[in-house]
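The model shown is predicted, which means the values in this text are computed figures rather than measured ones.
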Amino acid sequence: MPPRYALIDCNNFYASCERLFRPDLRQRPVVVLSNNDGCVIARSAEAKALGIPMGAPYFKYRALLRRHGVAVFSSNYALYGDMSARVMGVLARFCPEVAVYSIDEAFANLSGVPGGADAFARRLKATVEAWTGIAISIGIGPTKTLAKLANRFAKNHPRLRGVFDFAASQDPDRLLRHTAIADIWGIGRRHGARLARHGVGDALAFRDLDPTWVRRKMTVTGLHTLLELRGQPCHALADGPADRKTILSSRSFGQPVAGLDELREATALHMVRAAEKLRRLHAVASCAHVFLHTNPFRPGLPQHNDSASVPLAVATAHTPTLIRAVHAGLARIYREGFEFKKCGVMLSGLEPVDGRWLSLLDLPPNDTPAHAPLMRAVDTLNARWGRDTVTFAAVGPREAAWHMRRDMRSPRYTTAWPELPEVRA
DNA sequence: TCTGGGGTCCTAGGACCC
DNA sequence: TCTGGGGTCCTAGGACCC
């Protein structure tokens, strides 16, 4: 049976999560800001109607937001992650095959579902909304790219009531003609602008281009997009289990940082986070990387961007060893006299912890087997009592000035006991 | 003052080897 | 001063996604 892909996604996900526990905001526009309260990354329908673009820098829009009584939130990933797990749980319970694609999206294969794809999707939508309070939209098509496209129509045309099957269309060419080139999944700003210069402005024109030309100008990625628009699947439901290749932890500072001591604390904190993720994947890393950036938005200031890679003698998930590695890298790239805006660490050469290669040389003393129980104990305590119940001295004081800003974070309603919502009769 | 963070994939080019 | 072809591996950079 040919696949019938569905793209299921949550409407204005972060903004919807914020509203769940704040019924007073039901009619008010809501926006959610990125880490550090830098820019707008989620908008309720009312906020979109006010003309606030995705990615709008907060400082430029603050006055407008205030004028229109927009409720503004710092991002609260504890809440969004938990709500995402609930939505995905419902999907997994009812769909024969699901692949989670992002925090607010999943693909499913609805081929052969009882009662037909459209009726099934409508039941699924009603169930998710009743059980979680999060509204979703569903697009269906013979390829993932067309399912994505169908999802846009489901969202943008209220008469479809949130579900649209591309195959049900009387005139598919017309749908493609009404899809702007940059709204195609897989075609971003750069290629969109380039195609527009060649007179290719919509999905229909792109679909009918010469595949050889597209292959040459846009690599196989672009070719796959074209073929998928023609109904020929190039992406499987789950494109391989996608073993992670890297783990990254980085952030802009709440305020500029010039001193080495603070950079050592910040990189240590990033490594604590990265190593937590590494152990959650039951993996070890064989290389640690560290990087520094000054502020690219201030080209007048002296700029210094650099990175260093530190190979590890033995692949490990031992946080202190990894911190020592990035501190060694940091010493190589740090320069005095610069205002740094951002730093981060990356782990690469990931291997499953059970199948790792041991060095032919003796194990270095910092990777003795005793370290695994210690890390396990740290992770267990933090899982039970909350993040950073126990941590590492190298990360420095908990209230350091360089930590990111999130001045408008809502309570972690569903994941922290002290922040449970209270209901008064 | 104030412009996110975390990923993937693809390609070109250099280093190195035989 | 002249001097090949073929292969692998790594890295940097570009493009995309949410």
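Atom NE2 in A:His191 sits about 12 Å away from atom C1' in B:dT11, given to the nearest Å. Taking atom OH on A:Tyr101 and atom P on C:dC17, their separation rounds to 8 Å, with Å as the unit. Atom CZ in A:Arg216 sits about 16 Å away from atom C1' in B:dT11, given to the nearest Å. Distance A:Leu226 CG to C:dC16 C1': 17 Å, rounded to the nearest Å. Atom C1' of nucleotide B:dC2 and atom CG of A:Asp37 are separated by 10 Å, given to the nearest angstrom. Protein atom CD1 of A:Ile184 is 13 Å distant from nucleotide atom C1' of C:dC16, rounded to whole Å. As rounded to whole Å, 13 Å separates atom P of B:dG6 from atom CD1 of A:Ile103. C:dC16 atom C1' lies 14 Å from atom CZ of A:Arg194, rounded to whole Å.
Each of B:dT3, B:dG4, B:dT8 was ranked by its minimum atom distance to the side chain of A:Lys245; first place goes to B:dT8. With C:dC16, B:dG5, B:dT11 as the choices, the nucleotide that has an atom nearest any side-chain atom of A:Ser250 turns out to be B:dG5. Of the candidate nucleotides C:dC17, B:dC10, B:dG5, B:dC10 has the atom nearest to the side chain of A:Thr221. With C:dC18, B:dT8, B:dG4 as the choices, the nucleotide that has an atom nearest any side-chain atom of A:Arg244 turns out to be B:dT8. Side chain of A:Glu105, nearest nucleotide from B:dC2, C:dC18, B:dG4: C:dC18. Here B:dT11 is the nucleotide among B:dT11, C:dA15, C:dC17 with the atom lying nearest to any side-chain atom of A:Thr219. Closest to the side chain of A:Val220, from the set B:dT11, B:dG7, C:dC18, is B:dT11.
In summary, A:Asp173 and A:Arg177 do not engage in a salt bridge, as defined by a charged side-chain N under 4.0 Å from a carboxylate O. We find that A:Arg409 and A:Glu419 are joined by a salt bridge, their nearest charged nitrogen and carboxylate oxygen being less than 4.0 Å apart.
Residue A:Arg189 is in sugar-phosphate contact alone, with no base atom involved, counting any heavy-atom pair closer than 4.0 Å across all strands shown. Contacts of A:Arg215 with the nucleic acid, taken as non-hydrogen atoms under 4.0 Å apart, involve only primed sugar atoms and P, OP1 or OP2. Nucleic acid contact for A:Ile187: sugar-phosphate only, since backbone atoms but no base atoms lie under 4.0 Å from a heavy atom of the residue.
The shortest distance between the side-chain N/O atoms of A:Lys217 and the OP1/OP2 oxygens of B:dC10 is not below 4.0 Å. Regarding contacts with the backbone of B:dT3, a side-chain N or O of A:Lys341 is found under 4.0 angstrom from either OP1 or OP2. Side-chain nitrogen and oxygen atoms of A:Lys148 include none within less than 4.0 Å of the OP1 or OP2 phosphate oxygen of C:dC17. OP1 or OP2 of B:dC2 has at least one side-chain nitrogen or oxygen of A:Arg298 nearer than 4.0 Å. Note on A:Ser252: a side-chain N or O is less than 4.0 Å away from OP1 or OP2 of B:dG5. Within the structure, a side-chain polar atom (N or O) of A:Arg190 is placed less than 4.0 Å from OP1 or OP2 of C:dA15. In terms of phosphate contacts, A:Ser249 brings no side-chain nitrogen or oxygen within less than 4.0 Å of OP1 or OP2 of B:dG5.
In this structure, OG1 in A:Thr145 is found 6.0 Å from CG in A:Leu229, a value given to the nearest 0.5 Å. Atom CD of residue A:Glu265 and atom CG of residue A:Leu260 lie 10.5 Å apart, to the nearest 0.5 angstrom. One finds the CD1 atom of A:Ile138 at 5.0 Å from the CD1 atom of A:Ile8 (value rounded to the nearest 0.5 Å). Note that CG of A:Asn36 and NZ of A:Lys341 are 6.0 Å apart. Values are rounded to the nearest 0.5 Å. In this structure, A:Arg324 CZ and A:Leu312 CG are separated by 11.0 Å, a value rounded to the nearest 0.5 Å.
The 5' end of DNA chain B is approached more closely, in terms of each residue's nearest nucleotide, by A:Tyr14 than by the other of A:Leu248 and A:Tyr14. Comparing A:Pro57 and A:His224 by the nucleotide of DNA chain B that holds the closest heavy atom to each, the one mapping nearer the 5' end is A:Pro57.
Both stacking criteria are satisfied for A:Phe297 over the base of B:dT3: a centre-to-centre distance under 5.5 angstrom and an angle between ring planes under 30 degrees.
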Quick one, A:Arg332 with A:Asp306, criterion salt bridge (Lys or Arg N to Asp or Glu O under 4.0 Å). Give me CA distance, side-chain angles, the key distance, then yes/no.
CA-CA 9 Å; A:Arg332 300 211 309 257; A:Asp306 205 355; over 6 Å; no
Once pairs are restricted to Watson-Crick or G-U wobble with both distances under 3.5 Å, how does DNA chain C read as a dot-bracket string, [ ] for crossings and | for other-strand pairs?
....||||||||||||||
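The shortest heavy-atom contact between A:Ala266 and A:Phe253 is CB-CE2, 3.7 Å.
One C1' atom belongs to C:dG4, the other to B:dC17, and the distance between them is 14 Å to the nearest Å.
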